[in-house]
Number of protein chains: 2
Amino acid sequence: MTTMVKVAKLAGVSISTVSHVLNGTRHVNDETRQKVLKAIEETSYRQDALARAMRRNRTDSIGLIVSDGGEPAFAEMIRGVEETAAKQGVTLLLANSAEDPRREARAVQALLERRVDGIILARAAGSGPEALADFAGQGTPLVLMDRLSEDPFDQVGVENRAPVKELVQHLTGQGHERILLVAGDTRVATLRERHEAFTDAMESAGVPAAKQLVVIAESAKKTDAGIRAALSRSTPPTAVIACSTVLAAAALRQIQQRGLRLPDDLAFAAFDGFAYADLFEPQLTTVRQPAFQVGATAAELLAKRIADKGAEPSVVRLAPTIEYRASTGTTPTA
Amino acid sequence: MTTMVKVAKLAGVSISTVSHVLNGTRHVNDETRQKVLKAIEETSYRQDALARAMRRNRTDSIGLIVSDGGEPAFAEMIRGVEETAAKQGVTLLLANSAEDPRREARAVQALLERRVDGIILARAAGSGPEALADFAGQGTPLVLMDRLSEDPFDQVGVENRAPVKELVQHLTGQGHERILLVAGDTRVATLRERHEAFTDAMESAGVPAAKQLVVIAESAKKTDAGIRAALSRSTPPTAVIACSTVLAAAALRQIQQRGLRLPDDLAFAAFDGFAYADLFEPQLTTVRQPAFQVGATAAELLAKRIADKGAEPSVVRLAPTIEYRASTGTTPTA
DNA sequence: CTGAAAGCGCTTACAG
DNA sequence: CTGAAAGCGCTTACAG
């Protein structure tokens with residue numbers, strides 16, 4: 001490999017000068033600069049980012065840990081982070097915890113060892129407060145993405161309460177009283193928030209908590225069982241709200257198995273939705289997240305934090321849009 | 001930050017010994033080791049992967065450049081690479097070229113500067129031979145993923161010719177003669193192979209190249225125009241094969257706009273398909289790629305190559321499976 | 001305007 | 001079984 005020493009020799013200058021030409025860190029005579037650039041060209045020299053990072057105490061790289069790279073919403077967030085990081089000239093190190101707190105912890109350690117300038121974390125479902133311990137005080141900058149918490153870190157996610165409230169009002173406005181919420185694993189902040197908002201909104205609509213229909217479960221199997229039980233009640237739900245793509249898929253499978261039709265037998269709405277869903281039947285009412293934007297914002301917050309570690313943490317909530325389609329009956333005129 | 005010097009002082013040993021305890025690179029008295037481990041614990045020492053990489057001339061990291069992180073198939077490949085790399089104790093650096101050769105070239109340089117141990121590359125559509133120049137000879141190991149070439153590198157992708165042949169035979173066997181192939185940008189190796197196989201298979205079925213219906217286009221706009229033109233012929237196609245998810249979506253939109261119904265007005269089959277498509281109508285006949293496995297295999301090939309730079313390059317083709325559904329009429333009994 | 005030199009935090013022959 | 005020291009390829013005060 002060519003190093004700065006070789007370039008310096010060929011150009012007849014010191015390695016200091018080569019370094020300063022490379023980085024533009026101090027003035028260099030135009031003649032000298034040309035010699036250096038020529039030598040760089042001839043030796044096809046490439047800077048060693050490792051050595052540079054070690055001296056500068058900065059790697060120009062960031063880490064991203066997602067909880068479920070298989071979810072389309074997370075795939076979009078990854079794209080948002082990658083694109084923004086690339087624009088910043090920052091390299092992205094990617095890890096997937098697959099909802100396993102132990103894998104998450106290992107990923108954090110690996111990224112910290114690699115001395116990334118900061119980390120963006122979408123926490124795994126069972127991830128406890130100890131996962132954030134390495135970031136408290138003046139440690140490595142951290143941005144929480146999608147799954148937010150009360151901790152004093154920069155955070156970016158979506159508004160979860162407002163869309164649930166709107167959906168509930170829309171459905172109760174159509175006369176639905178028995179609405180099933182498929183909430184899934186409420187250890188996940190997004191799902192917890194949606195569940196809480198549901199409880200409140202139903203209460204406001206005159207359905208006390210004790211009479212509300214909710215499926216909360218930490219595994220796919222238990223979710224399926226819960227949905228099955230709810231659908232086979234003697235007074236079954238007339239509407240379903242599923243709180244994620246995976247939960248919507250689970251609910252739709254059960255609904256199809258029972259031979260129920262949307263929206264005649266059952267109204268249906270889902271968070272996140274399905275890619276290219278506009279091409280297929282049934283057309284589902286969907287709460288669409290600005291997932292790419294969430295990722296992009298996370299990268300921007302992290303860059304700001306890296307530049308100024310003293311600033312107050314900021315929490316950004318982006319607004320999803322509700323796309324009303326045939327699965328909840330007629331489109332509201334509002 | 002705690003360094004080895006601090007640990008060594010606290011344990012009353014040399015930094016050599018600390019290093020050897022950490023890496024298990026030579027025998028250390030049990031008593032001495034315990035002292036070192038205790039000091040590591042007390043100082044909450046964390047190894048600096050940068051300094052380590054610089055001395056060892058190895059970063060234990062690999063780079064992955066995908067051409068379109070938005071495609072579900074690539075999202076799956078990313079997961080396959082990530083999971084396999086994590087098992088190997090290797091960190092993944094991710095870049096997305098978004099089908100732009102210039103972004104691809106920049107990503108290659110950035111990864112090389114970071115001295116990754118190897119790179120996995122799914123080339124952008126317009127990426128020329130110069131993109132591979134840095135990897136010829138005994139340069140950084142390279143594995144080509146999904147989009148293969150004739151160059152002497154390790155490669156992993158899917159079998160493209162056999163499924164096209166099978167689909168064509170299936171359709172011609174049902175009496176279809178005017179089959180439209182939506183091939184897209186045939187600068188992309190996978191799409192080129194599918195197109196070539198189509199030409200051959202149709203020829204074998206008695207349709208000479210001059211009479212075959214094919215849409216080849218480098219942009220979404222031209223693709224749309226081509227599909228529209230094909231569907232509005234006086235003798236329109238009776239069947240469509242779309243060579244990717246994006247192309248299938250483009251074709252389906254045109255088909256819906258014209259009010260055509262599957263499979264009565266038109267038989268339809270697509271490569272890659274749509275996530276959760278089993279839940280929706282119409283049910284599409286799909287060539288399903290083992291995308292996760294492609295990614296996992298790429299990471300394995302790269303690890304082998306890093307371990308043995310002298311070995312002959314190997315080319316792996318994984319077999320897709322064709323899932324026949326209602327969009328091509330009755331399921332064949334074969 | 002430029003150069004000589006210290007030092008980032010490790011690994012690894014070399015020596016005992 | 002362990003330590004002293006060189007050196008990986010850079011950046012950056014310091015000096016002139």
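Heavy-atom basis, side chains included; hydrogens, waters and symmetry copies ignored.
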Is the shortest side-chain N/O distance from [X] to OP1 or OP2 of [N] below 4.0 Å?
X: B:Ser14; N: D:dG3; answer: yes
X: A:Thr17; N: C:dT2; answer: no
X: B:Thr32; N: D:dT2; answer: yes

Measure from the side-chain heavy atoms of [X] and tell me the nearest of [options].
X: B:Gln47; options: D:dT2, D:dG9, C:dT11; result: C:dT11
X: B:Asn29; options: D:dG9, D:dC1, C:dT11; result: D:dC1
X: A:Arg55; options: C:dA4, C:dG9, D:dC10; result: D:dC10
X: B:Arg56; options: C:dT11, D:dT11, C:dA4; result: C:dT11

Using whole Å, report how far [atom1] of [X] lies from [atom2] of [N].
X: A:Arg58; N: D:dT12; atom1: CZ; atom2: P; answer: 12 Å
X: B:Glu113; N: D:dC8; atom1: CD; atom2: P; answer: 20 Å
X: A:Asp30; N: C:dT2; atom1: CG; atom2: P; answer: 10 Å
X: A:Ile15; N: C:dG3; atom1: CD1; atom2: P; answer: 11 Å
X: B:Arg114; N: D:dG9; atom1: CZ; atom2: P; answer: 18 Å
X: A:Arg52; N: C:dC8; atom1: CZ; atom2: P; answer: 18 Å
X: A:Met4; N: D:dT12; atom1: CE; atom2: P; answer: 11 Å
X: A:Asp48; N: D:dG7; atom1: CG; atom2: P; answer: 18 Å

[X] near the nucleic acid: base, sugar-phosphate alone, or nothing, with a heavy-atom cut-off under 4.0 Å?
X: B:Thr3; result: sugar-phosphate
X: A:Val28; result: sugar-phosphate
X: B:Val13; result: sugar-phosphate
X: A:Ser16; result: base
X: B:Asn23; result: sugar-phosphate

Original post:
Paired with D:dA13 by Watson-Crick or G-U wobble geometry, both distances under 3.5 Å: which nucleotide is it?
Top reply: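 Base partner found: none.
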
Original post:
In the structure shown, which nucleotide is the Watson-Crick or G-U wobble counterpart of D:dA4, with both distances under 3.5 Å?
Top reply: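 The answer is none; no pair meets the criterion.
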
Subject >> side-chain hydrogen bond (donor to acceptor under 3.5 Å, both in side chains) evaluation trace for A:Arg103 with A:Asn96 >> reply: CA-CA 8 Å; A:Arg103 279 180 65 175; A:Asn96 186 174; 5.4 Å; no

Original post:
Salt bridge or not for A:Glu82 and A:Arg79, using N-O below 4.0 Å?
Top reply: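 A salt bridge is absent here (no side-chain N lies under 4.0 Å from a carboxylate O).
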
Original post:
Is it true that B:Arg147 and B:Glu99 have a side-chain N and a carboxylate O under 4.0 angstrom from each other?
Top reply: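 Salt bridge flag = yes for B:Glu99 with B:Arg147.
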
Subject >> Residue met sooner reading DNA chain C from 5', once B:Tyr45 and B:Arg26 are mapped to nucleotides >> reply: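 On the 5' side of the pair lies B:Tyr45.
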
Original post:
Want to settle it: does B:Ala51 or B:His20 sit nearer the 5' end of DNA chain D, counting the closest nucleotide to each?
Top reply: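 That would be B:His20.
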
Original post:
Within a strict 4.5 Å, meaning less than it, do heavy atoms of the A:Arg123 and A:Leu132 side chains meet?
Top reply: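 In contact.
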
**OP:** Establish, from distance only, whether the side-chain atoms of B:Ser61 and A:Arg114 form a donor-acceptor pair under 3.5 Å.
**Re:**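 Result is no, nothing qualifies.
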
Original post:
Between the side chains of B:Asn23 and B:Thr25, is a donor N or O closer than 3.5 angstrom to an acceptor N or O?
Top reply: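 Not at all, the side chains of B:Asn23 and B:Thr25 share no donor-acceptor pair under 3.5 Å.
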
